[in-house]
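A, B, ... follow the sequence lines: proteins, then strands. Residue 1 opens every chain.
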Amino acid sequence: MVNKAPLLEIKNLRVHYKVYGGVLKVLDGVNLTVYPGEKVGLVGETGCGKTTTMKTALAILPVPPGVVVGGEILYKGRNLLAMSPRQLSNVRGREMTMIFQDPMAALNPVFNVEQQFTPVLKHAAKNHLSNKEIHAQAVLALQDVALADPERLLQAYPIQLSGGMRQRVCIGMALATRPQLLIADEPGTALDVTIQAQVLRLLNNLVDRLNTSIILITHSLGVVYETVDRLYVMYAGNIVEVAPTRKLFSNPLHPYSQGLMDAVPKLSGGGISQGISGRIPDYSHPPAGCRFHTRCSHVMEICRHQKPPEFEVEEGHKVACYLYGPKNQEAAV
Amino acid sequence: MSVIFLAKRLVHSVFVLLGLSIVIFLIARIVPGDPVRLAVGARAPQWVVDNMREHMHLNEPLHIQYGYWLRDALQGDFGISLVTRRGVAKDIREFLPATFELALYSLFISVTGALSFGIISARYKDRWADNVIRIFSYLGVVTPSFVFAIIFLLIFAFVLDWLPAIGRLSNGLTLPPRVTGMVTIDALLIGDFNVFWDAFKHIIMPALSLAMGSMAQEARITRASMADNLTKDYIASARALGVSESLVMRRFLLKPSLIPTVSILGLDFAAGMGNAFLVELIFNWPGLSRYGMNAMLSKDLNAISAVILTFGVVFVVVNICVDIVVGQLDPRIRLSTAKGD
């Protein structure tokens, strides 16, 4: 995996939101890499910038208020941020697609399913297909997501579908074009737990079958443990730790990751953990140095002034925390 | 959009109109002044008055009077107008088309204007084009239509002399044979473009004055709903799936955004007809609003009741039409009512 060229490479991405009365410095240098065929998870609490990162990667970040201040997003080595709309449209929808969190909101309420499928498939096929072929592809896409009676479903409006069906339709649309990379933004979070599990299993099987790379954004650690190869932990606009999933679960290094893992209720008992005290910082005045230092129980002097770089502790396991810096290796233990 | 839905709306409407008729009838009986005296004149002898009271069933209890009144009204008989001395129903048939024509043109102007300005405004949100449109739409909303009427008169009729100032048709031209009662349409029906063009020039200013307020209002609503829908996930989703920006705007954004505009349109159209009286006065437009206004000034109760009831019917019919259009635009409404709601 390591010797393959990365499919998507986000380098030092910095995104701000200009809002009334100030600037929200949301993304503060995000680094994230996805290799072909790989499944990557991105976890972090609500508001940490997961969705902003992914919307920027697809160039669907609303600008204004969003502003990309710095960084690069390389898709197969080409910088998406520097692409013309025309070049971008060759990537978006054809090679890279996205599933949104809330299937109730992600489907247009005033068009039926087929009316929403058609332009997506047409664009992916570069308008080379006849209407009949497009229709056949849409039927196929709905069969992919295990929806019965696709012909009837194509004529249905979102209001006529249940939440689970809508999410399946969204997944079907996002994979109908056979993209190489799928960004799934908390799929199923808006659904009830059993449906959510079904939908995720379906999604997982489907990307396995199609060999699609996926970035799975979630705040459910249970979900990522079962599905993804590598896991990124995000805090307040920074990637604080990345490691192969099992390793991150067995040996979380960053105090924030440790807190996250600790917050998962365990069957073995021990009561409900305290989690991490405090909240995500105010993005208009983020803390200097490490953005986590205000909530960190291991805070050191340097954390208050200087942003920690990434330290590679083991191959593939990186953490942005001075506890693991060369100078502090001893002090940490 | 089922038959059930339409039938339901019709039944609702009948009750609305019945309610309206009761209110009108009561008001007409409550206002001070003796309708009989008004009808026969101040110098008529008492026996004439007494006979007239008997004839108009004014000695009966109120609900009986209402029964007589409703029976006549349903047969299209609203009595005699005190002012024109003709059957009120005949007057209405004569004056309604002029107002309706005015309202149609005004509707067309306000819809095309509102949509263009609203879309431009939303497309260039917070840029100069949007700011200019917003300033003008504020002005449009707060300025009464008669002020626009006077301004337009001054500019286009007196200063520039591009458009005729008053009336429906220039002197020397004859009205086309009456089919719809709307001069421009009747002229087109017989293929008389000369008359059409003249009538068209006459209707532009009053229609525009009447359209300004609702155009401004609807442009603001269109802008707001487009700007709101632009932040919706389904727009981001369409973009993320590769749908081209122009298609996202023309299809996936425009259609859901039109729903509030169309919903308010019906109200604006009907209100525009009712509020047209000042514009009709200024442009000497022989319409129903002006007729109703005169009826009120001269306490012509038969005419007042008939005019209000007519506007009530127009209001109800227009709103049924709007419901149908909104149902076509929005499956949520169409499908929920089809289920029997």
How far apart are the closest heavy atoms of [X] and [Y], and which atoms are they?
| X | Y | answer |
| --- | --- | --- |
| A:P109 | B:P331 | O-CG, 3.1 Å |
| B:P256 | A:N108 | CG-OD1, 4.0 Å |
| A:L58 | B:A240 | CD1-CB, 3.8 Å |
| A:F111 | B:K255 | CZ-CD, 3.6 Å |

Rounded to the nearest 0.5 Å, what's the gap from [atom1] on [X] to [atom2] on [Y]? Could you check?
| X | Y | atom1 | atom2 | value |
| --- | --- | --- | --- | --- |
| A:D185 | B:S237 | CG | OG | 11.0 Å |
| A:D102 | B:K232 | CG | NZ | 11.5 Å |
| A:R92 | B:L241 | CZ | CG | 10.0 Å |
| B:R239 | A:I60 | CZ | CD1 | 8.0 Å |
| B:R251 | A:Q116 | CZ | CD | 9.0 Å |

What option among [options] has the most heavy-atom pairs under 4.5 Å with chain B?
| options | answer |
| --- | --- |
| A:A174, A:A176, A:P119 | A:P119 |
| A:A106, A:P179, A:C170 | A:A106 |
| A:I183, A:V120, A:T97 | A:V120 |
| A:R94, A:Q115, A:K55 | A:Q115 |

Got a sec: does the [atom1] of [X] have more than 12 other heavy atoms crowding it under 6.0 Å?
| X | atom1 | answer |
| --- | --- | --- |
| A:K76 | NZ | yes |
| A:R152 | CZ | no |
| B:F117 | CZ | no |

Checklist line | Under 4.5 Å from any heavy atom of chain B - which part of A:M104 | finding: neither

Margin query: Taking side chain as everything from C-beta outward and backbone as N, CA, C, O, which of these in A:L107 sits under 4.5 Å from a heavy atom of chain B? Side chain, backbone, both or neither.
Written below: backbone

Next item on the list: For a side chain to side chain contact (heavy atoms under 4.5 Å, CB included) with A:V110, tell me which candidate from B:I259, B:L329, B:L258 qualifies.
Entry: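 Of the listed residues B:I259, B:L329, B:L258, the side chain to side chain contact (heavy atoms under 4.5 Å, CB included) partner of A:V110 is B:I259.
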
Notebook entry, point to check: Is a side-chain N or O of A:H123 found less than 3.5 angstrom from the main chain of B:V243, in a donor-acceptor match?
Noted result: no

